[in-house]
Amino acid sequence: MADEHGRKWDRCLADTALKTVTGLGIGIAFSVLFFKRRTWPVSFGSGLGLGMGYANCQHDFRSPYLIHGRMVKDQ
């Protein structure tokens, strides 16, 4: 039980960090290319990534019986 909880936290933090950094990068690219170096696309992109990561974590912790990437076979 504790191992699964630890794996969920690790997966949650890694997913949130990845989505936040990706949103930040996309926000920087849009800011430079389309919006004359304004700051709102950067904060919008990183906030969007952080929100998506938070929603995924919330779903992951609220579904305790979901097993990720494993097949359960009847014996």
Nearest 0.5 angstrom please: [X] [atom1] to [Y] [atom2], how far?
X: N56; Y: T16; atom1: CG; atom2: OG1; answer: 7.5 Å
X: M52; Y: L18; atom1: CE; atom2: CG; answer: 9.5 Å
X: R62; Y: Q58; atom1: CZ; atom2: CD; answer: 4.0 Å
X: I26; Y: S31; atom1: CD1; atom2: OG; answer: 13.5 Å

Quick check: is [Y] connected to [X] through a chain of hydrophobic side chains (ILVMFWY, heavy atoms under 4.5 Å apart)?
X: F61; Y: L13; answer: yes
X: F30; Y: L33; answer: yes
X: W40; Y: F34; answer: yes

Open item on the list: Between C57 and D15, is there a side-chain heavy-atom distance shorter than 4.5 Å?
Closed with: no
Open item on the list: Between K19 and L50, is there a side-chain heavy-atom distance shorter than 4.5 Å?
Closed with: no
Task: Closest non-hydrogen atom pair between S46 and S43, with its separation - done: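 That closest heavy-atom pairing would be OG-O, 3.2 Å.
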Open item on the list: Using every non-hydrogen atom in the two residues, find where K8 and D60 come nearest and quote the distance to one decimal.
Closed with: NZ-O, 3.2 Å
